[in-house]
Each structure stands twice: as C-alpha cells, then as structure tokens.
Amino acid sequence: MPELPEVESLRRILHRSAVGRTIKNARINEPRLRRRISADFAATLGGRRIEDIARRAKYLVVSLSGDLTMLTHLGMSGSWTHRGDGFDAGDFDPRHDHVVLALDDGTTLVYNDPRRFGLMKVVRAEKLGALPELKGLGPEPLSREFNADYLASKTRGKKVAIKNLLMDQRIVAGVGNIYASEILFFAKVRPTRRAGRVTHAELERIVAATPRILRAAIGSRGTTFRSYRDSRGQPGRFAERLQVYGREGKPCFVCSTPIRNVVVGQRASFYCPKCQR
DNA sequence: CTTACATCCTGATTGC
DNA sequence: TGCAATCAGGATGTAA
C-alpha cells in the first residue's frame with residue numbers, strides 16, 4: 001500500500017526513535033515474505049547499532065554498524081511500528097508480527113505484514129548498489145534529475161499508458177497507484193494516454209505536479225486510504241486532500257463532472273473526463 | 001527491447 | 001445476516 005510519501009513519513013519517525021540505538025536482539029517469527037528472509041538475518045542484526053535510516057524509492061535503507069545495511073520494503077500491507085516499553089503482550093499480533101527488533105532502550109521495532117509481500121534483507125554496505133532491487137531504479141521524483149527532458153527521453157516512442165510509465169520504478173522511483181492518478185489530474189493528462197503521445201508541455205506539467213503532490217502528502221504524513229498507519233499507529237491525513245483517487249462518481253472539485261474509474265494496466269485509475277484530455 | 005498478464009498472500013468491503 | 005466474490009496503495013517473472 002505505501003508509496004513514497006508513506007515510506008518517507010515512516011523514515012522520519014523511525015529516524016528519530018531508532019538512530020543511535022543498538023539492536024539487542026532480533027527475532028524472526030515468520031520468514032516467509034515474498035522472498036524468504038535469509039536464515040542468518042537475525043544473528044547478523046544482533047548487537048548492531050543503527051547508524052542511519054534513509055529511503056530510496058519505496059525502500060527503507062538502514063545503515064548498521066560493521067558496514068552492514070538492512071533493506072526493507074513494505075509491499076502492499078507491511079508496516080513498521082515503534083513500540084514503547086509500556087506495551088503489554090496484548091499489543092503483539094501473533095499472526096502478522098513477522099520481525100521484532102528489541103532495542104537497547106527497552107523499546108521494539110516490529111514489522112507487521114498480513115499479505116507478506118514485503119522484503120527484508122541485510123547486505124554488506126558496499127554491495128548495496130549492486131542489489132537487483134536497487135540497481136535498475138530511476139531517479140527520485142523529488143530530485144532535479146526528474147525533469148521534463150529526462151521524462152521526454154523515456155516516453156519517446158512508448159505505447160504504454162502514461163500512468164503505467166509513471167508507476168514504473170525504472171522510470172521514476174517511488175510513485176504508485178494513488179499518486180500517479182493525482183499527478184495526472186493536476187497535470188490535466190488522461191491516465192490512458194499513450195506515453196509517446198504526451199506533449200512536452202504536458203510532460204512539464206507532470207514533472208511540476210509530481211514533487212508538489214508528493215511533498216504535500218509527506219507534510220500530511222501520507223495517505224490512509226484503507227488501513228495504512230505510521231509507526232505510531234496514526235493514519236495519514238492526505239486522504240482528505242485526494243482530488244480523484246477513490247472518488248468515482250463524485251463531482252470533480254474543479255468542474256463538477258463525475259470522476260471516472262477505469263482499469264489501466266490492471267490497476268484502478270481515477271480521472272476527470274473533462275479536465276483531463 | 002517492449003508490452004501484457006499472472007502471481008505471491010490475507011483481510012476488508014461489496015454484492016447477492 | 002451470511003456467505004461468496006471482488007478488490008487492495010507493489011514488484012517480479014514469464015511469455016508473447
């Protein structure tokens with residue numbers, strides 16, 4: 001479920017609560033995520049100090065002492081929560097609390113993931129860039145690398161729908177289904193449009209809208225559409241600011257035309273048929 | 001190379 | 001109300 005703003009919100013909270021702490025003990029309750037967590041994961045993490053927590057695309061990149069890096073992805077339903085020492089056993093979810101990191105201040109970091117689409121691995125820091133998960137990622141959408149000329153070079157001649165292209169992590173890293181719909185609404189481009197047919201002026205609008213929307217969403221600590229919660233259990237507040245996502249049949253905030261929902265590349269895609277051509 | 005689609009899994013919501 | 005079908009914010013692997 002989480003896209004860049006949700007992962008970034010999580011990163012900021014975890015950074016405050018966990019950097020500088022040492023992992024006293026790591027426990028794997030359920031290693032069967034989309035790919036099985038390596039058997040030596042827990043032993044490798046034990047005793048390590050958390051030096052930094054960064055983000056790349058939708059991945060959290062946790063730097064550990066001893067030049068190790070933990071890479072984690074939330075998939076569709078994953079979450080990390082920081083639980084204080086006041087929590088009792090009742091807070092434990094035996095079905096989906098798959099990874100528990102006990103810190104030296106008595107608190108715990110818990111990875112919960114009902115659908116188990118997430119990812120969890122540890123590698124030597126120097127091998128990070130060579131990981132298949134990170135190797136092919138496109139530029140961060142909040143960086144200057146993501147500009148209209150770059151996007152034009154990626155859309156040229158492409159027949160895929162522009163929305164699919166925006167969600168392709170090799171093109172730009174971190175945009176998912178909700179924000180792709182929102183970005184295209186602000187750019188006034190219909191999600192079904194073939195990427196190669198999007199004009200340069202429209203690409204400029206897409207590139208301008210992207211950081212605006214993502215930053216606003218980060219400021220609201222992300223979007224809670226169904227069940228997303230941040231590491232303190234709080235829902236994100238951006239849902240109330242969504243212009244099109246999840247608003248099928250409701251009036252467009254700009255022109256009052258009913259918002260439509262069409263399937264593009266197997267994903268629900270919301271747009272205003274009048275504002276977006 | 002590009003594009004299309006199934007697949008991993010559980011839980012919440014929708015529809016009858 | 002109850003139960004079955006549908007859908008979910010992601011990424012990858014396979015096939016055409």
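Quantities reported herein were computed from a predicted structural model and do not represent experimental measurements.
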Given atom CG of A/L119 and atom P of C/dT12, what is their separation to the nearest angstrom?
-> 9 Å
Please measure how far the P atom in C/dT14 lies from the corresponding atom in B/dC9, and state the result in whole Å.
-> 16 Å
When you check the phosphate oxygens OP1 and OP2 of B/dC9, does a side-chain N or O of A/H96 lie under 4.0 Å from one of them?
-> no
What is the distance from CE of A/M120 to C1' of C/dA11, rounded to the nearest Å?
-> 16 Å
Could you tell me whether the phosphate oxygens of C/dG9, OP1 or OP2, come under 4.0 Å of any side-chain nitrogen or oxygen in A/R267?
-> yes
Within less than 4.0 Å of OP1 or OP2 of C/dA11, is there a side-chain N or O belonging to A/H73?
-> yes
Is any side-chain nitrogen or oxygen of A/Y179 closer than 4.0 Å to OP1 or OP2 of C/dG9?
-> no
Spacing of A/L165 atom CG relative to B/dA4 atom C1', expressed in whole Å | 15 Å
Taking only the side-chain nitrogens and oxygens of A/R95, find out if one of them lies under 4.0 Å from OP1 or OP2 of B/dG11.
-> yes
Output yes when at least one side-chain N/O atom of A/K159 is less than 4.0 Å from OP1 or OP2 of B/dT2, else no.
-> no
Within the structure shown, what part of the strands sits under 4.0 Å from A/R116 by heavy-atom distance: base, sugar-phosphate, or nothing?
-> sugar-phosphate
Looking at NZ of A/K274 and SG of A/C255, how far apart are the two atoms once the value is rounded to the nearest 0.5 Å?
-> 5.0 Å
Is there a donor and acceptor pair closer than 3.5 Å between the side chain of A/R115 and the base of C/dG9?
-> no
Pick the P atom in B/dT14 and in C/dG9, then give their distance to the nearest Å.
-> 14 Å
Do other residues, nucleotides or ligands put more than 12 heavy atoms under 6.0 Å from A/K188 NZ?
-> no
Under the 5.5 Å and 30° test, is A/F117 stacked on the base of C/dA11?
-> no
Test salt bridge (Lys or Arg N to Asp or Glu O under 4.0 Å) applied to A/D97 and A/R83, A/R27, A/R116, the passing residue | A/R83
For atom CE of A/M167 and atom P of B/dC5, their distance in whole Å = 15 Å
May I ask you to evaluate whether A/Q169 reaches the phosphate of C/dG10, defined as a side-chain N or O under 4.0 Å from OP1 or OP2?
-> no
Considering just the side-chain nitrogens and oxygens of A/K58, establish if one lies under 4.0 Å of OP1 or OP2 belonging to C/dG10.
-> yes
Identified pairing partner of B/dA12, criterion: Watson-Crick or G-U wobble below 3.5 Å = C/dT6
Whole Å only: how far is the CG atom of A/D113 from the C1' atom of B/dG11?
-> 12 Å
hydrophobic_cluster_shared for A/L101 and A/L119, side chain cutoff 4.5 Å = no
Atom CG of A/N177 and atom P of C/dG9: how far apart are they, to the nearest Å?
-> 5 Å
Give a yes/no on whether any side-chain N or O of A/Q266 is located under 4.0 angstrom from OP1 or OP2 of B/dA4.
-> no
May I have the distance from A/I178 (atom CD1) to C/dA8 (atom P), rounded to whole angstrom?
-> 11 Å
Say you draw a straight line from CD1 of A/I213 to CD of A/Q243; how long is it, rounded to the nearest 0.5 Å?
-> 8.5 Å
Could you tell me whether A/R194 contacts a base, only the sugar-phosphate backbone, or nothing, with contacts defined as non-hydrogen atoms closer than 4.0 Å?
-> nothing
Cationic tip of A/R247 within the cone over A/F253's six-membered ring, i.e. under 6.0 Å and within 45° of the normal?
-> yes
Nucleotide C/dA8, atom C1' - distance to OH of A/Y245 in whole Å | 7 Å
Pairwise C1' distance for C/dA11 and B/dA12, with rounding to whole Å = 22 Å
